[in-house]
Amino acid sequence: QVQLVESGGGLVQDGGSLRLSCAVSGLRISQYTMGWFRQAPGKEREFVASISWTGGSTYYLDSVKGRFTISKDNAKNTVYLQMNSLKSEDTAVYYCASSNGQVWARGVDEYDHWGQGTQVTVSS
């Protein structure tokens, strides 16, 4: 049984930082593309970042480039999203997901397993 459990969300002021974690069980993240998505109220779920199974390639939503960093620890089977210089428009529920596809996969339907999400709220 595959489980992805996100943590690290919370309330932060504009310009602040948060680090999200995604603890995975039931699959080895060293063999999958891993991604982070987010969904704001009234909006569709959107791609934020992904990392290849080797960890050697990463992709980002244009609006988070230079502010967010995706990484992973294969030994801990955990994926991270470091978020700096947060803005009010980053407010959303953030989801971790796994994919059998390529690292440039950005579609929700390209990811197979999902976590329950963690709320990130940025106050201005």
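For reference, positions follow the sequence shown, starting with 1.
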| Does some side-chain heavy atom of S71 sit less than 4.5 Å from a side-chain heavy atom of V79? | no

| task | Look at the side chain of D112 and the backbone N and O of N100, then say whether any donor-acceptor pair between them is shorter than 3.5 Å. | result | yes

Taking every heavy atom of L20 against every heavy atom of G9, the minimum-distance pair comes out as CD2-N, 3.6 Å

request  = Side-chain contact test, heavy atoms from C-beta onward, threshold under 4.5 Å: evaluate it for L27 versus S98 and give yes or no.
outcome  = yes

Between the CG atom in D73 and the OG atom in S30, the distance rounded to the nearest 0.5 Å is 11.0 Å

Nearest heavy-atom approach of I70 to M34 is CD1-O, 3.9 Å

Has R19 got a side-chain atom pairing as donor or acceptor with Q82's backbone, closer than 3.5 angstrom? no

d(Q116 CD, T118 OG1) to nearest 0.5 Å is 7.0 Å

| message | Strictly distance-based, threshold 3.5 Å: is any side-chain N or O of N77 a donor or acceptor partner for the main-chain N or O of V24? | response | yes

Shortest non-hydrogen pair, A49 vs L81, comes out as CB-CD1, 4.3 Å

State, yes or no, whether a side-chain contact exists between L61 and R38 at a heavy-atom distance under 4.5 Å.
yes

task: Evaluate the side-chain proximity of I29 to W53: yes if any heavy-atom separation is below 4.5 Å, no if none is.
output: no

Between the CD atom in Q13 and the OG1 atom in T121, the distance rounded to the nearest 0.5 Å is 13.0 Å

Donor-acceptor contact below 3.5 Å, side chain E110 vs main chain G107: yes

Between K72 and T54 the two heavy atoms that sit nearest each other are NZ-N, 4.2 Å

Atom NZ of K76 with >12 non-hydrogen neighbours under 6.0 angstrom:
no

Rounded to the nearest 0.5 angstrom, the CG-CD distance for N74 and Q31 is 9.5 Å

Heavy-atom closest pair (Y94 atom, D90 atom, distance to 0.1 Å) is OH-O, 2.6 Å

* Kindly indicate whether the side chain of L86, heavy atoms from C-beta on, has any atom under 4.5 Å from the side chain of D14. => no

Answer whether the closest heavy-atom distance between the side chains of Y32 and V2 falls below 4.5 Å.
-> no

T91 and A40 have their tightest heavy-atom pair at O-CB, 3.7 Å

Taken to the nearest 0.5 Å, the spacing of T58 OG1 from F68 CZ works out to 14.0 Å

Checking side-chain polar atoms at under 3.5 Å, does N84 have a donor or acceptor matched by the opposite partner on S17?
yes

Going by chain and number, the hydrophobic cluster around Y59 (ILVMFWY, side chain to side chain under 4.5 Å) further includes F37, F47, V93, Y95, V103, W104, V108, Y111, W114

> Going through the distances and angles, do Y80 and T78 end up as a side chain to side chain contact (heavy atoms under 4.5 Å, CB included)?
Replying inline: CA-CA 7 Å; Y80 304 97; T78 300; 3.6 Å; yes

(request) Apply the test side chain to side chain contact (heavy atoms under 4.5 Å, CB included) to residues E46 and Q39: give CA-CA distance (whole Å), side-chain angles for both, the deciding distance (0.1 Å), then the verdict. (result) CA-CA 6 Å; E46 68 173 352; Q39 188 166 17; over 6 Å; no

- Message: For E44, I'd like to know if atom CD has over 12 heavy atoms of other residues, nucleotides or ligands within 6.0 Å.
- Response: no

- Taking the side chain as every heavy atom from C-beta outward, state whether T33 and I51 have any pair of such atoms under 4.5 Å apart. no

So disulfide bond (SG atoms under 2.5 Å apart) across residues 21-113, not counting sequence neighbours, yields C22-C96

